[in-house]
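Notes follow once the structure below has been shown.
Since the structure is predicted, the reported quantities are computational estimates derived from the model, not experimental observations.
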Amino acid sequence: MDLGLSEQQEMLSRAAREFLEAECPTTLVRELEDSDGGYSPELWRKMADLGWLGQAFPGQYGGSDGTLIDQVALFEEIGRAILPSPILTSTVLCGQTILYGGNEDQKAALLPLISRGDTIVTLALAEADAGFDGGDISVMATADGGDYVINGTKLFVPYAHVADYLLCVARTSGADSLFLIDSKTAGVNITLLHSVAKYKQHEVALQNVRVPRTNMVGQLDQGRGPLGKAVDWATVVQCGEIVGRCQKVLDLVVDYSKVRVQFGRPIGSFQAVLHQCADLRVAVDGARLVTYQAAWKLVEGRPCSEDIAMAKAFAGSASRQATAVGHGIFAGIAFTVEHDMQLYMMRSKIQEANLGDSDFHLDNLGGYMGFPT
Amino acid sequence: MDLGLSEQQEMLSRAAREFLEAECPTTLVRELEDSDGGYSPELWRKMADLGWLGQAFPGQYGGSDGTLIDQVALFEEIGRAILPSPILTSTVLCGQTILYGGNEDQKAALLPLISRGDTIVTLALAEADAGFDGGDISVMATADGGDYVINGTKLFVPYAHVADYLLCVARTSGADSLFLIDSKTAGVNITLLHSVAKYKQHEVALQNVRVPRTNMVGQLDQGRGPLGKAVDWATVVQCGEIVGRCQKVLDLVVDYSKVRVQFGRPIGSFQAVLHQCADLRVAVDGARLVTYQAAWKLVEGRPCSEDIAMAKAFAGSASRQATAVGHGIFAGIAFTVEHDMQLYMMRSKIQEANLGDSDFHLDNLGGYMGFPT
Amino acid sequence: MNFELTEEQKKFRSDIRSFLEEEVPPEHQAVFGVESEEDYRFGRSIQRKLADNGWLTIGWPTEYGGGPKGPIEQSIFSEAMGYGRVPRTGTTALNIVGPAVMYFGTPEQKEKYLPPIARAEAEYCQGFSEPNAGSDLGSLEFRAVRDGDENVLNGSKMFTSWAFRAQYIYLLARTDPDAPKHRGISLFIADVKTPGISFRPLPYINGSMAAQTYFDDARIPSSALIGEENRGWYHAMATLDFERSGLERYASVQRTFDDFVELCKTTKYNGKLLSENPIARHKLAKIKVGMEIWRLLCWKVAWMQSTGAVPNAEASVAFLHGTVQRLEFTQTAMEILGLYGTLMHDPKWSLMRGAIEGIHRESMHLHGAGTTEIHRNIIAQRGLGLPR
Amino acid sequence: MNFELTEEQKKFRSDIRSFLEEEVPPEHQAVFGVESEEDYRFGRSIQRKLADNGWLTIGWPTEYGGGPKGPIEQSIFSEAMGYGRVPRTGTTALNIVGPAVMYFGTPEQKEKYLPPIARAEAEYCQGFSEPNAGSDLGSLEFRAVRDGDENVLNGSKMFTSWAFRAQYIYLLARTDPDAPKHRGISLFIADVKTPGISFRPLPYINGSMAAQTYFDDARIPSSALIGEENRGWYHAMATLDFERSGLERYASVQRTFDDFVELCKTTKYNGKLLSENPIARHKLAKIKVGMEIWRLLCWKVAWMQSTGAVPNAEASVAFLHGTVQRLEFTQTAMEILGLYGTLMHDPKWSLMRGAIEGIHRESMHLHGAGTTEIHRNIIAQRGLGLPR
């Protein structure tokens, strides 16, 4: 039993923290909120150089052969820095889907580009009437000669405006298939949604979008297989990002509680403040452990559906708690835009909803526990 | 608008409180726990003399013409004193059912007896596989000449062992009917259940119990009508009893917090204690208001199903909170049998479950809100 | 006991509701905060009409042009304003400054300050909090020094809501630095155009614009002192009680809750109505209960005031419950909305014009009118008699 | 990173589980507390068998007849004991007194006290709390005055669990009344048969029997002083760390939770399985998450100890979460059970032998090993560095 990170992982974490503290202060986060791109291409390049963008790809595809545990450790730091970038959708969700489902040509062609940061891919899954897990997909892909013609509308597609490819989940004959759509293809219409934290997510309307059959990732009607595995992976990574953000909020309120004086005492000496900090510490510690446990089981190839559901369900509640504690303790100043607390709160909404919220995962967990639906 | 009790009601409350403080200290409650009867016949007699047992019956049946509001005010005091007696089942549940459903003969015969405390009636409704609201009743009543023959088993029947009559909900031809069963009738077998607070509730096994047709309360197959109205009434009364108990727990922890010194200060000056008291105050105030509102609407003949559901749902959560706060603040000593906190905690379990718990009423409320099941 | 209004009060409620329904159509309603200049102007225009109808100051004593009704009518008015989502303007003036001037002002001050407030012509901002005096307001450092028939103001005020709309700032200043904490403080009304006063924009996360306010040797006439010198703290506390029911806040949340319940009954997600989800059903029922408790706690304050009683812990009980309840509602609603909860007011895809996301931000206001911790202290110490 | 045990540890876990499954059949399991004489004797007999197998003191240093394993094995043992619901006996001796004697005892004391503990022959009770010293243990008033080669003990101890089973009471007494609060306290082991010691029965609500203990000029040999005079407070705190994972408590609740989930899958109410109720499903899933978090937090403490680190805030984190989690579980389970939650161990009608009602009472133990408030203080002050 070893519940700690390895020395190498600790080093990675420390380095990532130092890098992000220097390169991604919250002033940059605010700038990026107001930018069109929503991420810093310059920083993106540096992240590629650090090996972050291909962290979990095999070396043969330009990756660093990292494990999911390494990736969670990195995303704790990314969450801490609330770094805005397409890293989760491009390298994790799409990267892993291609890795699990793509053929050799696709992997060899795309993964090194993703890894180098030269290509951004984003997942187009959710639709107006269906959450991230799809439900019934209404976007249709119809075979037409050597091509497929895709029609329909995707929603909540992150960073579609800067993506080179959309990895689109579409209904084919019997079930769902995956298509890589070059985002410059005629008929692709991308509209930015007005989102919290000016998060760059989009409506993607697809009108007679023609895609060569060779752009299908995985087998016909079997897109859900590799996608499901990638979603599992990415969900754990998303938990890591949440844990990092919650830890940062805890650190911020603790630091503030030590120096903010009211009634002649630092507010951290008041039980009401102190106890909120203590309770948040419990939540963050718990969320971290259950997240790493899910990561470890996935790495080890053990059954981990329950663990992933537990991790995301609990990370979600820790996240709500961090938001409430942060705003409660910072009080008035946290209600101002110029205070950073709102940056963490705004992102909590995206991260809690992304890849299924607590209730979604609790419902899944109920199923795994053998409860009838 | 007048959200306060009338002067007369205030007087009633004060008098009831003084009476119960003198006549029903917790030492008596403990004695009664250990007694076979589970109530004090002597006190019962005095309660009758005070008019409590026919409080809400019309004067013509020996009652005091009180309203549901008067009764809630009285039950706040009864709850405060955690008085053990069959008053809720006999005079409220059964009394109101007879009042709503009984014919003139039955009312004239029974209500004055109940009111004088000479006769105790208890409701036999719940069964092993069905909660208090009945679901599918399995106890059957079969017509046989001028009689009905009743078979089956009732559970959780309070004070059955001292009841003169069981008001039994039984399945007749098409639906449920109500029968007054003389508890000494052959075939009635009463077994005390091992319950919290040594609450005197019973299994009542009915084996070929023969009841004259004249003992049917209300019309054949229409027992649910008067019973439902009585249950509504009694649910509000039950809420009043809960509010009184929670208020008492709040009073006890506040008093203790003022005098218990730790770390050189009364513990009430520690925010952790102070805030728990404040939060409990919010819950108790809220529970009281929503309970009286339900009572008032019922008295006024307005639609009040939603209000009753809200009252019991919220009283239940206030009750859980009072238990947790009481045990948390009294800490160690509350874990001992000799401390009174356990008396309040034990009764919370009965009162929360009685007449539907929070989840039951929230489910009802969801229906009233127009949500599909 | 009576949980209902009189016929006359019901008539008033119905009149004001009809008026607001007609005058404040959905596109003009403030889903949560007041964000735009247009919203603000619209809100003011409504208030002027309300003033013309004699409703705006319905809770004021008749001698100051109000009434002739009491706290119940005042509360009906507040509840209707909240439920109608009328953009909020002039609230500091109406609920705080007006009563203070009535109780503690000189005849000249009453004549000068009250009529414009009652006509919805004056806007005030409030200068109580300071960078180092938040929940511990008694430790304020802002100074007012008498110099002839003027007072010279120096210091800084935080969270000056409405600063850029206001003509006046109603403020607390330390006038006797040697007196015990709460005893050397006085109340003033300062014209915001006074030389030496400047504002640094301080936008709030709910979209409204406040300021940090700086006073650099700002000279105001000593006639702007409200009430007794060095008794300002006590005056301010006393006039807090004027509109304490919190019904406007409650009602605006209730409106959003009602809309949300309706949304859940009509919106399909993954092929099923949101209201068919048993977890959503259960949670919404629970929130309905909490909202009703909130309403009752607010009305209890109003009713107490109508009997001449001074609610104190009771107002904090209502406020505290409301703050917790609002947060619970918005967090729950965000969960039910899933990914749609990440949308603000998106012209095409938002549900309820982004109201849930907006009120979620609004619910981060966990500190309004004193932090929730302070309200807990008030309840425990004043309401329950616990030691300090 | 590795969340799994070694093969050898798994073998140990499997051995002890099999042993306990065989030796502690359901009718002998302690659903929550240890209520009867028979339960107690049975628990002792199991411990003696465990001692024979070399498992009882598996976490003790080899020099005292323990081990030769470490904290992980100790934790496996604790978890198995909890999950097996072995009636708890000898825990004060094994987890608190033993380690204290090992670390601070003289060679004579070690020889006298340790072997009987390791053989499950000695039972200890603990005399720390007093009527006026609960969470503020440092303010204890109990006196021990040196008189020749004896100490004369006077005062009263509260919450003496196991008093009526114990041969010894392990206690804290003030030996220097003039020293600062925590510096004048010493540790002693007193024979409960010492003249002047008497016990007043103090039954707990979980069915077990404790006592209030009175010392009236009780004379014990000064050789019963453990460690340095006036350093008892620090010795006691240091030996608290020996078994801090809390896995036994966690595992016993987990067992009840597992049983309860099974019950919900097999019990019909109103014609439907309890598990078909979507609200029950949702709540139980949530509790499963909380239970898993509890398990992980406990194991984190165990793992830290296995690396030589001294968990401090971490142990409080696990304890605090567990206390809250247990209460949430039992309150939820009581709600799901409806009227059945009002039954104790009714021979005919109880579900799970009344275990849910029982553990609900047990969960009122919101103060064990320091109140939850104290654990929050430890986390905040020692773990997060907040000021006192």
> Please walk me through it: do A:Met1 and D:Phe3 pass side-chain contact (heavy atoms from CB on, under 4.5 Å)?
Replying inline: CA-CA 5 Å; A:Met1 177 168 293; D:Phe3 282 76; over 6 Å; no
> Can you list the steps and then say if A:Leu362 with D:Arg281 is a side-chain contact (heavy atoms from CB on, under 4.5 Å)?
Replying inline: CA-CA 9 Å; A:Leu362 288 178; D:Arg281 173 196 169 110; over 6 Å; no
Side-chain heavy-atom pair [X], [Y] within 4.5 angstrom cut-off:
X        : Y        : answer
A:Phe371 : D:Leu273 : no
A:Leu3   : D:Met1   : no
A:Arg281 : D:Glu314 : yes
D:Leu386 : A:Cys277 : yes

With a 4.5 angstrom heavy-atom cut-off, which part of [X] approaches chain D: side chain, backbone, both or neither?
X        : value
A:Tyr292 : both
A:Arg265 : neither
A:Glu300 : neither
A:Ile69  : side chain
A:Leu250 : side chain

>> Are there over 12 heavy-atom neighbours, none belonging to A:Lys258, within less than 6.0 Å of that residue's NZ?
In response: yes
>> Tell me whether the count of non-hydrogen atoms from other residues, nucleotides or ligands lying under 6.0 Å of NZ in D:Lys10 goes above 12.
In response: yes
Side chain, backbone, both or neither: which part of [X] has a non-hydrogen atom closer than 4.5 Å to chain A?
X        : answer
D:Leu297 : both
D:Trp294 : neither
D:Lys288 : both
D:Pro387 : both

> Can you tell which of D:Ile379, D:Thr6, D:Leu296 has the highest number of heavy-atom pairs within less than 4.5 Å of chain A?
Replying inline: D:Leu296
> Which of the residues D:Ala380, D:Ser306, D:Ala313 is involved in the greatest number of heavy-atom pairs with chain A at under 4.5 angstrom?
Replying inline: D:Ala380
Flag the one option from [options] with the top tally of heavy-atom pairs under 4.5 Å to chain D.
options                                : value
A:Ala313, A:Ser317, A:Pro372           : A:Pro372
A:Ile267, A:Asn364, A:Asp285, A:Val299 : A:Asp285
A:Leu280, A:Asp255, A:Asp279           : A:Asp279
A:Ser269, A:Ala309, A:Ala311, A:Ala287 : A:Ser269
A:Leu365, A:Leu289, A:Asp251           : A:Leu289

>> Between D:Glu4 and A:Lys297, is the salt bridge (charged side-chain N to carboxylate O under 4.0 Å, His left out) condition met? List the steps.
In response: CA-CA 10 Å; D:Glu4 193 47 284; A:Lys297 285 198 183 175; over 6 Å; no
> Which is it for D:Ile293 and A:Val282 under the side-chain contact (heavy atoms from CB on, under 4.5 Å) test, yes or no, and what are the steps along the way?
Replying inline: CA-CA 10 Å; D:Ile293 299 293; A:Val282 173; 5.8 Å; no
>> Return the NZ to OG distance between D:Lys286 and A:Ser358, rounded to the nearest 0.5 Å.
In response: 9.0 Å
>> Under the criterion side-chain contact (heavy atoms from CB on, under 4.5 Å), I'd like the reasoning laid out for A:Gln293 against D:Glu292: C-alpha separation, chi angles, the key distance, then a yes or no.
In response: CA-CA 10 Å; A:Gln293 177 171 256; D:Glu292 179 66 7; 2.6 Å; yes
